[in-house]
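Structure first, commentary second.
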Amino acid sequence: MSWDTYKALTFNFPAVELSLDLSRLGLPEGYIDSQRGAFAKAFAAMDELEKGAIANPDEGRMVGHYWLRDADLAPNEELKTTISSSVEKIKAFAAKVHSGEVKGSNGTFTDVLVIGIGGSALGPQFIAHALGVPSEDKAAIHFFDNTDPEGMDLALNAIGDRLGSTLSLVISKSGGTAETRNGMLEAQKAYSDMGLDFAKHAVAITGVDSKLDKVAVSEGWLERFEMWDWVGGRTSVLCAVGLVAAALQGIDIQALLDGASAMDKVTRAKSIEENPAALLALAWFYATNGKGEKDMVILPYKDRLLLFSRYLQQLIMESLGKEFDLDGNVVNQGIAVYGNKGSTDQHAYVQQLREGVPNFFATFIEVLKDRHGPSIDVEPGITAGDYLQGFLLGTREALGETGRQSITITTPEVSEATVANLIALYERAVGFYATLTNINAYHQPGVEAGKKAAGAAIELAKGIVGALESSKGTAMDAPTIAEKLGKPESTELVYKIALHMAANAKAGISKIDAENWYDAKFLILA
Ligand SMILES: O=P(O)(O)OC[C@H]1O[C@H](O)[C@H](O)[C@@H](O)[C@@H]1O
């Protein structure tokens, strides 16, 4: 890359100490100019959104995550007060926990167990991993982010005998998410098995009057923090969803909010070149032909940013992956996101990136500061961190040689400010991209289909137990059970569910193997 091309297509944002290098994208001459009209619309739509327009028309909702870090921007006094008092309440609660004024049955809280999924886990996990320092944190943080029983066992195992000084945060915007409900019930059981009262160790973060909120009220949980319908799950990390856990861990939440606010100011610029989020959205639009034709590979060369790609998967794919545009046309939009960290990935999938199917563009995230404190030389005059940067520069070059596009974001260090900068940068880029592609970034109608189908499988499971119980001692294969349930069309599901039940000896169900696996019979002994 020539120095002049690099300079022409690298954009520096001193206010947030960030630089965005688009020089390895192959942007044709005049491309930015050709997009000015489209961006004028995107800037105007964003202005309206920030002023409180119903930017999520399907759900009739405002979209207010930008107000969370600058309450004065909220469209009315009530919201301003709600937002600032929520932040104050979080800070005050964390201070009481740290001072031991609010404590568990076995004393000052040492651990925090976050129970949530999707937007109610990914942000807290990213922040905790990016900014935590185990030896200095005010609480060790653990997660139930799934309905996998063994995953929960592992988290409980890490907590060990400290459950009596573990604060459980049950986080669910809707308050009705099955995985989170299950996690809550499992946690409740773990506390009661140790003779502890869950309610005295539990905090709810949810919408007012949600199912979860009602449980928290009726059981007299320690505290409740409100979640609002104008904050989407995937943009909720800077409200109570992410801030309570972070504050308890000892992370400076005001610095997070200030970092996001600083990026918000920069990304309100009305000129593409002066706005890093606009440039990012433009880069995505160019690289994917505005249709998601290429995948986004996120490659932070920093262990602390490992979970960023997972966080972005939800932010970007749930926001942009849409069947219809705002006019009802079928568009099947989206950008697939994956990634891990460099240089680890160099020893895994970079082979394919360089030589295989050219269906992606990479985003390198470069962090200038290697570590707090000095580094040893691993070779004369060279540190491990020099190698990390060397591998980033080398991989980027190697990808460029085979015509693979990349973006490079450079940030000075991993800190509250820069982590929040990145979050706010991508939130705004997603918003701009959605306007460019004329889709609603703020709903997720597709998520419901899988939930409904899962509900049907759960109903079927109840039926299978009933059928085997009413014919105790009789072994039946899947077609027979399905027939008995009057659901021959669900034979495959019956087979899958019965297999799982037998593996877990549920209700005493066992399996009699047959030569052909599909002919296995299931029974409950008489
Ligand atoms: O916070 P909750 O209401 O429990 O929702 C958790 C997740 O549920 C769904 O899958 C939504 O699509 C996500 O956007 C959301 O983050």
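Every number for a ligand or one of its atoms is a count from 1 in the order of the listing. Fair warning: this is a prediction, and the values are worked out from it, not measured in the lab.
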For [X] and [Y], take the angle between the two ring planes, folded into 0 to 90°, and tell me which bin it lands in: parallel under 30, tilted 30 to 60, perpendicular over 60.
| X | Y | result |
| --- | --- | --- |
| Phe432 | Phe39 | perpendicular |
| Phe225 | Phe93 | perpendicular |
| His65 | Tyr442 | tilted |

Salt-bridge test for Glu459 and Lys487: reply yes if a basic N is under 4.0 Å from a carboxylate O, no otherwise. no
Exam field: side chain Asp327 to backbone Asn329, donor-acceptor pair closer than 3.5 Å | no
Would you find a donor on one side and an acceptor on the other, under 3.5 Å apart, between the side chain of Asn275 and the backbone of Thr267?
-> yes
Less than 4.0 Å from some atom of ligand 1, heavy atoms are found in residues Ile117, Gly118, Gly119, Ser120, Ser172, Lys173, Ser174, Thr177, Gln314, Glu318, Gln444, Val447, Lys451
